[in-house]
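Below you'll find the structure, written out as structure tokens, and then a few comments.
Both ligands and their constituent atoms are indexed starting at 1 by order of listing.
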Amino acid sequence: MRLGGHTAALGMLLGVLAFPSVCQAGGTVEVLHWWTSGGEAKAIATLKSAFEAQGGKWIDSPVAGGGGDAAMTALRARVVAGNPPSAVQLKGPNIQEWARQGVLTDIDAVARAEKWDELLPPVLASIMKFHGKYVAAPVNIHRVNWIWANPAVLAKAGVLPPTTWDEFNAAADKLKAAGITPLAHGGQPWQDATLFETVVLGLGGADFYRKALVELDEKAITSSTMIKVFDQMRKLRSYVSPDFSGRDWNLATATIMNGQAGFQLMGDWAKGEFVAAGKVAGQDFLCIPAPGLPGFILNSDSIAMFKVNGVDKLEGQKVLASLIMSEGFQETFSLNKGSIPARLGVPRDKFDSCARKSMDDLAADTNANTLVPSMAHEMAVSRSVRGEILDVVTNHFNSDMSSQDAVKRLVEAIRRARS
Ligand code: BGC
């Protein structure tokens with residue numbers, strides 16, 4: 001980390017002087033999060049140790065379960081019981097939903113002093129604010145629409161990285177014929193939804209994606225393009241291994257590493273697993289932009305601050321907020337997590353080819369207006385709408401429902417969630 005020993009030592013000293021008896025020097029934070037896989041745990045450990053290096057006390061509250069659905073249930077129970085954690089992994093419209101309920105606290109004094117408005121892309125800054133004040137701090141930017149592959153496995157099956165969905169299907173058929181599972185997948189609703197939105201972008205393009213999954217436009221949802229999306233989902237279902245149901249995403253990633261499977265369609269937190277296992281980008285694994293029309297599905301993790309009492313906890317929130325936005329943390333966290341920094345201007349020299357591609361594509365897709373927010377990862381719609389979409393996508397994936405029926409149900413489900 002770039003936090004100098006001097007700064008940390010001084011921080012500890014000042015903290016001790018300011019709160020002689022009741023307070024931990026850098027305050028106390030309880031952080032509720034779902035970063036529990038190998039790569040994720042390494043990434044969050046960098047925040048914990050940096051916080052502790054400033055004299056703070058870190059109370060870890062991990063809730064296992066990729067995509068965060070279990071963590072959000074745990075959070076609701078804590079808030080209802082009147083005992084929220086001080087800091088929570090939260091994102092997108094969820095931040096606004098909790099803020100509207102009056103349970104978030106603002107960290108605007110820190111943000112103003114450190115000029116966060118100048119350090120963040122406007123699209124992220126606005127997500128972090130409620131009524132113009134920062135209530136959350138972004139830790140990174142993940143790209144959702146990637147394929148992860150093992151180059152040795154592709155070579156064995158004589159398969160090239162696909163650039164269209166037809167090429168993907170042809171490559172998957174070849175892998176299957178070679179006795180390799182074409183698609184590494186875990187059958188959990190958020191993972192099915194990750195496939196779904198990647199296919200929506202690839203077959204429909206960014207404008208269609210926005211109409212269907214952000215604006216929830218019924219014409220887009222009932223279009224022939226959406227039928228084709230479900231047709232492709234049915235194809236994908238035929239490419240997974242028999243034991244896919246309920247499997248965690250990182251176990252699916254492990255089947256890419258050990259040569260059992262050909263492709264995984266997953267966000268770049270998958271890279272965190274390869275890196276944690278000592279694998280090298282471009283050599284041991286490939287990151288291939290997902291097939292079809294161009295675009296970047298954006299997912300940004302952030303930490304929101306909940307209303308808590310006591311000088312010690314308030315101090316902890318301030319120290320944590322400042323730490324999260326520091327250049328050193330943003331770099332170290334993303335190097336471990338597979339993401340890229342949320343903060344602008346962090347040097348790219350330590351990042352691998354996948355991260356650099358992500359940085360370049362983020363800039364290019366922002367300019368081309370093909371940057372879209374992830375529905376599956378809670379950047380696009382409310383939790384209730386997302387829940388309804390996930391139900392339909394999962395039910396279709398796990399049954400013989402026709403694409404036409406799936407589209408019908410999708411419209412009804414979205415109407416229900418919005419009424
Ligand atoms: C989060 C990532 C996390 C992934 C799997 C996503 O929703 O944004 O940080 O690694 O879920 O748990």
Could you tell me whether [X] and [Y] have a side-chain N and a carboxylate O separated by less than 4.0 Å?
| X | Y | value |
| --- | --- | --- |
| Arg416 | Glu388 | yes |
| Asp207 | Arg210 | yes |
| Arg112 | Asp106 | no |

I'd like the atom pairs linking ligand 1 to the protein - N or O on both sides, separation under 3.5 Å - with distances to 0.1 Å.
residue  : atom   : partner : partner atom : Å
ligand 1 : 7 (O)  : Lys91   : NZ           : 2.8
ligand 1 : 7 (O)  : His377  : ND1          : 2.8
ligand 1 : 8 (O)  : Lys91   : NZ           : 2.7
ligand 1 : 8 (O)  : Asn299  : ND2          : 2.9
ligand 1 : 8 (O)  : Asp301  : OD1          : 2.7
ligand 1 : 8 (O)  : Asp301  : OD2          : 3.4
ligand 1 : 9 (O)  : Trp35   : NE1          : 2.9
ligand 1 : 9 (O)  : Asp301  : OD1          : 3.2
ligand 1 : 9 (O)  : Asp301  : OD2          : 2.7
ligand 1 : 9 (O)  : Lys337  : NZ           : 2.8
ligand 1 : 10 (O) : Glu40   : OE2          : 2.4
ligand 1 : 10 (O) : Lys337  : NZ           : 2.7
ligand 1 : 11 (O) : Trp34   : NE1          : 3.4
ligand 1 : 11 (O) : Gly67   : N            : 3.4
ligand 1 : 12 (O) : Trp34   : NE1          : 3.4
ligand 1 : 12 (O) : Glu40   : OE2          : 2.8
ligand 1 : 12 (O) : Gly67   : N            : 3.2

Query raised in the report: Using a distance-only test with no angle check, is there a side-chain donor-acceptor pair under 3.5 angstrom linking Asp166 and Thr164?
Result: no
**Report entry** Passing option when Gln188 is tested against Asp69, Thr194, Asp248 for side chain to side chain donor-acceptor pair (under 3.5 Å)
**Finding:** Asp248
Query raised in the report: Aromatic rings Trp269 and Trp249: how do their planes relate, parallel, tilted or perpendicular, breaks at 30° and 60°?
Result: perpendicular
